[in-house]
Amino acid sequence: MNPKVLSIFNNAKIFLSSEELKELALCIDKEFGKPIAKRAKKSNALENWTLESVTEKLLATQFKKKSRA
């Protein structure tokens, strides 16, 4: 944490009651908003079909040697 922010936070803990700290936290959240979690991009198997040869994909996935156990 930034030393300046840490100093302000420590002073706030000293001079404000727990209810006032909660109110301050709500005001900060309202003013700046909470960070939005980034969603993972779903990969589409057909999205990059131009990057690889379709034949190579088929050979790699459909015509694997069958293992006998």
Side-chain angles (χ1 to χ4, degrees):
M1 188 181 296
N2 184 340
K4 187 176 182 180
V5 174
L6 185 60
S7 174
I8 292 169
F9 177 67
N10 286 331
N11 286 334
K13 288 194 307 186
I14 293 169
F15 294 108
L16 299 177
S17 68
S18 61
E19 290 178 9
E20 291 170 331
L21 282 172
K22 288 178 185 178
E23 188 177 337
L24 178 63
L26 287 174
C27 291
I28 291 172
D29 287 342
K30 198 180 284 186
E31 182 73 24
F32 298 106
K34 292 186 178 182
I36 299 171
K38 294 182 181 178
R39 294 183 182 184
K41 183 181 176 185
K42 292 182 181 179
S43 63
N44 187 354
L46 297 176
E47 184 177 274
N48 296 326
W49 68 273
T50 55
L51 297 177
E52 290 184 54
S53 168
V54 175
T55 307
E56 289 177 10
K57 278 191 175 184
L58 286 173
L59 287 173
T61 57
Q62 299 296 322
F63 299 106
K64 291 182 181 177
K65 290 183 180 179
K66 294 181 181 179
S67 60
R68 295 182 182 170

**Prompt:** Who passes side chain to side chain contact (heavy atoms under 4.5 Å, CB included) against L26, sequence neighbours left out?
**Reply:** none
**Prompt:** Please, which pairs that meet side chain to side chain donor-acceptor pair (under 3.5 Å) have at least one residue in residues 19-32, sequence neighbours excluded?
**Reply:** S17-E20
**Prompt:** Taking ILVMFWY side chains as joined if any heavy atoms are under 4.5 angstrom apart, and letting links pass through other members, which residues group with F32?
**Reply:** L16, L21, L24, I28
**Request:** Could you point out which residue of N10, N11, V5 forms a side-chain contact (heavy atoms from CB on, under 4.5 Å) with S7?
**Result:** N11
